[in-house]
A.B. asks: 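Below: one structure in structure tokens.
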Amino acid sequence: MDDQRLGLAAFRERIKASRESFPHHWEASRKLMVPETLQSMLPNLIQHIEGTSLDPILRERLIGALQQFCKPSGSREEAKVFKELTGFPPSKGVRALLVWGLLAEGGKRENPEELSGVQCEEILRKTSNPYDVLRHSATPSLLDIGAGDLSFEQELVDHYVVHVRAQHTPLTLHAFDRLMPGSRVGGVYHKNLDRERYLQSFSSEELRFKFWGGLGLETFSKGKGRLPCYTVSTCHAPANPTFAYEPDRLAPGIIQAHLQSSRGNYRQGCYKGEPVLEVSHRGHTLTFPDWKFDILGPLALLRFMVQRSRVVILSAIDAEVFWEVLSQLLADDRYRPPNQIFTTVLLPEVFGKVYEELSSMAVGERKDLSRLANLRDPMPFVTPTKGDVQMPCRFRYVEIRRGAVLEGVPSSFTARQFSQMKEESIPWWVILIPDGRL
């Protein structure tokens with residue numbers, strides 16, 4: 001523990017910060033306040049307090065207040081003591097202590113009421129809407145990567161708000177996008193202010209919404225308010241070429257040469273004082289954010305999502321990104337030929353039966369990938385678990401779906417554009433349940 005002789009003021013700040021940093025634990029603590037459950041958890045909470053380096057007098061007063069709370073007194077003196085020690089009235093003060101001392105100790109403990117991998121798999125196999133897993137969570141939360149204009153966020157909330165109100169289980173909805181607010185490039189993919197205001201209009205008992213602009217995978221974790229683990233993380237239309245080429249499989253020179261031949265010549269430029277990427281395409285110069293052609297690869301995206309969620313959903317995936325993602329999910333090295341770009345000619349040769357089975361899928365059809373080929377075990381990255389122990393990661397379930405917009409399923413702005421993109425084939429979905437942290 002890092003509680004070095006914490007005094008009263010510092011302790012109150014500590015538990016306040018813990019409550020704000022772990023809203024899902026705060027909601028879970030509400031259900032722990034029934035007498036039987038609280039009585040069973042109290043010894044563990046007291047043991048935790050005894051093991052901290054709090055000021056000795058403060059420690060003794062906290063333990064005494066907790067013991068007194070479990071007695072049917074409800075005196076004004078009790079309320080006064082809790083307010084002084086925690087900054088909250090008695091019930092909320094005990095809940096704040098539970099979050100700080102047990103549920104979110106060091107930010108490493110899992111929510112004891114959250115879904116297991118087995119439960120997530122059972123739910124996903126039975127439902128046509130993968131986001132229905134949120135209905136089964138005691139503390140539902142979702143992180144959307146590359147949120148764009150917030151179309152998906154609004155549709156998701158409209159879809160689930162009735163359930164949220166009926167079950168009194170507020171939804172935590174966080175979203176971020178790499179586009180810098182105020183940038184002159186990005187057009188319709190900037191956040192929509194009307195949608196943002198709409199999402200912010202809900203009470204905190206229904207929705208806890210937060211959007212961050214100007215953040216990428218590498219910078220998301222820096223800052224306050226992020227959850228250590230979400231029920232679901234999702235990425236709609238994963239960026240191409242950012243996630244279309246795996247650097248571990250393809251040399252930088254090969255990727256750059258392919259981009260030049262397929263996208264056209266490109267160079268760094270400046271537009272009204274802002275750094276941009278200028279791409280020559282069919283006689284026109286197109287302007288993009290300067291990081292548009294930065295290559296991270298699908299493993300970076302999968303690693304990021306696995307480390308932060310129980311269910312991973314990639315939707316409206318274009319063909320280039322999809323086959324590169326798939327090559328990283330399958331066990332046999334034949335699916336990852338070094339320094340070969342996946343072309344329409346090469347795909348059938350590399351993926352064989354897997355290619356035949358998936359290419360013949362109808363819109364809305366779904367397949368369990370493990371029935372077509374063995375899944376990679378372990379994946380070439382690790383995930384942190386309790387105590388910062390690094391554990392090998394594997395996926396217990398991977399489902400492939402075909403289509404851009406699926407009936408009854410909340411969709412993104414980009415997904416709805418595929419019908420107008422004559423150069424694009426029917427996109428894909430990949431839904432994954434990791435084993436590494438579940």
Side-chain angles (χ1 to χ4, degrees), residues 130 143-146 176-178 216-218 220 232-252 254-256 258-259 262-263 291-309 311-343 346-347 350-351 354-355 358 367 369-370 372-383 392-402 412 414-415 424-425 427-436:
L143 174 66
D144 186 25
I145 302 163
F176 70 97
D177 197 285
R178 195 169 180 181
L217 300 187
E218 309 92 331
F220 171 76
V232 176
S233 64
T234 188
C235 182
H236 309 288
N240 187 337
T242 300
F243 303 118
Y245 310 102
E246 178 52 53
D248 287 347
R249 190 179 74 81
L250 299 164
I254 290 176
I255 296 175
Q256 297 307 318
H258 178 69
L259 291 178
S262 61
R263 306 304 205 277
W291 40 259
K292 172 68 175 176
F293 281 9
D294 289 355
I295 306 299
L296 297 180
L299 285 179
L301 180 61
L302 291 173
R303 181 188 299 110
F304 178 91
M305 298 176 80
V306 164
Q307 290 178 345
R308 289 166 177 81
S309 64
V311 177
V312 172
I313 300 176
L314 306 176
S315 77
I317 313 169
D318 72 27
E320 281 191 301
V321 175
F322 173 74
W323 291 107
E324 193 69 50
V325 169
L326 203 73
S327 74
Q328 299 300 324
L329 296 175
L330 299 176
D332 200 320
D333 287 340
R334 61 168 284 196
Y335 301 115
R336 292 177 290 280
N339 293 325
Q340 294 189 60
I341 297 291
F342 287 139
T343 63
L346 186 62
L347 285 173
V350 171
F351 290 95
V354 173
Y355 179 84
L358 296 181
K367 288 184 182 291
L369 185 61
S370 67
L372 303 182
N374 292 330
L375 300 181
R376 201 169 181 179
D377 183 8
M379 291 294 292
F381 52 77
V382 294
T383 57
C393 174
R394 64 179 291 272
F395 290 106
R396 65 173 299 113
Y397 181 64
V398 179
E399 180 176 296
I400 307 297
R401 297 189 184 188
R402 194 80 192 268
S412 67
T414 306
E424 295 289 346
S425 58
W428 306 83
W429 290 61
V430 180
I431 303 168
L432 313 99
I433 302 176
D435 250 351

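These numbers were taken from a predicted model, which means no experiment stands behind them.
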A.B. asks: Say whether, by atom type as modelled, one donor and one acceptor occur between the side chain of R394 and the main chain of R376 under 3.5 angstrom.
C.D. replies: no
A.B. asks: Report the residues that fulfil salt bridge (Lys or Arg N to Asp or Glu O under 4.0 Å) with R263, sequence neighbours left out, ordered by chain and then residue number.
C.D. replies: E320
A.B. asks: With sequence neighbours excluded, what pairs up with D294 under the salt bridge (Lys or Arg N to Asp or Glu O under 4.0 Å) test?
C.D. replies: R178
A.B. asks: Pick one: which of L217, L314, L143 meets side chain to side chain contact (heavy atoms under 4.5 Å, CB included) with M305?
C.D. replies: L314
A.B. asks: Closest heavy-atom contact between P130 and W429?
C.D. replies: CG-CZ3, 4.2 Å
A.B. asks: Drop me the distance from I145's CD1 to L301's CG, to the nearest 0.5 angstrom.
C.D. replies: 5.5 Å
A.B. asks: Is there a donor-acceptor pair under 3.5 Å between the side chain of E324 and the backbone N or O of P298?
C.D. replies: no
A.B. asks: Can you confirm whether V354 sits close enough to L326 that some side-chain heavy atom of one is under 4.5 Å from a side-chain heavy atom of the other?
C.D. replies: yes
A.B. asks: Nearest 0.5 Å, what's the CZ-CG distance between F395 and L375?
C.D. replies: 9.0 Å
A.B. asks: Counting heavy atoms not belonging to N374, are there more than 12 under 6.0 Å from its CG?
C.D. replies: no
A.B. asks: So, the side chain of N339 versus the backbone of A251: is there a donor-acceptor pair under 3.5 Å, distance only?
C.D. replies: yes
A.B. asks: Verify the distance criterion only: is there a donor paired with an acceptor across the side chains of S315 and H236 at less than 3.5 Å?
C.D. replies: yes
A.B. asks: To the nearest 0.5 Å, what is the distance between CD1 (I255) and CD1 (I341)?
C.D. replies: 6.5 Å
A.B. asks: Can you measure from CG (L302) to CG (L299) and round to the nearest 0.5 angstrom?
C.D. replies: 6.5 Å
A.B. asks: Rounded at 0.5 Å granularity, tell me how far OH in Y397 sits from CD1 in I431.
C.D. replies: 7.5 Å
A.B. asks: Testing the basics here: between L330 and A373, what is the closest heavy-atom pair and its distance to 0.1 Å?
C.D. replies: CD2-CB, 4.0 Å
A.B. asks: State, with a plain yes or no, whether a side-chain heavy atom of L259 is found less than 4.5 Å away from one of P241.
C.D. replies: yes
A.B. asks: In Å, rounded to the nearest 0.5 Å, how long is the span from CG of L329 to OG of S370?
C.D. replies: 11.5 Å
A.B. asks: Any side-chain heavy atom of P337 within less than 4.5 Å of one from V350?
C.D. replies: yes
A.B. asks: What residues, two or more places apart in sequence or in another chain, satisfy salt bridge (Lys or Arg N to Asp or Glu O under 4.0 Å) together with R401?
C.D. replies: E399
A.B. asks: Does some side-chain heavy atom of V232 sit less than 4.5 Å from a side-chain heavy atom of S309?
C.D. replies: no
A.B. asks: R396 and D435: which non-hydrogen atoms are nearest, and at how many Å?
C.D. replies: NH1-OD1, 3.2 Å
A.B. asks: Only counting residues at least two apart or in another chain, list the ones meeting salt bridge (Lys or Arg N to Asp or Glu O under 4.0 Å) with D332.
C.D. replies: none
A.B. asks: Is there a donor-acceptor contact under 3.5 Å linking the side chains of R336 and Q328?
C.D. replies: no
A.B. asks: Flag the pair V430 / L432 as yes when at least one side-chain heavy-atom distance between them is below 4.5 Å, and no otherwise.
C.D. replies: yes
A.B. asks: If you take all heavy atoms of P238 and V321, which pair is closest and at what distance?
C.D. replies: O-CG2, 3.8 Å
A.B. asks: Measure from the side-chain N and O atoms of T234 to the backbone N and O of I313, and report whether any donor-acceptor pair falls under 3.5 Å.
C.D. replies: yes
A.B. asks: Is there side-chain contact between P427 and D318, with at least one heavy-atom pair below 4.5 Å?
C.D. replies: no
A.B. asks: Establish, for the pair R402 and W428, whether the NZ or CZ atom is under 6.0 angstrom from the six-membered ring centre and no further than 45 degrees off its axis.
C.D. replies: yes
A.B. asks: Between F351 and W323, how do the two ring planes meet: parallel, tilted or perpendicular, split at 30° and 60°?
C.D. replies: tilted
A.B. asks: Cation-pi check, R249 to F342: give yes when NZ or CZ is under 6.0 Å from the six-membered ring centre and within 45° of the ring axis, no otherwise.
C.D. replies: yes
A.B. asks: Residues two or more places apart in sequence or in another chain: which of them pass side chain to side chain contact (heavy atoms under 4.5 Å, CB included) with D177?
C.D. replies: L179, F211
A.B. asks: Got a sec, which residues hit side chain to side chain contact (heavy atoms under 4.5 Å, CB included) with A415, two or more places apart in sequence or on another chain?
C.D. replies: A316, V405, S411, S412
A.B. asks: Please name the pair of heavy atoms, one in F243 and one in G297, separated by the smallest distance, quoted to 0.1 Å.
C.D. replies: CD2-O, 3.4 Å
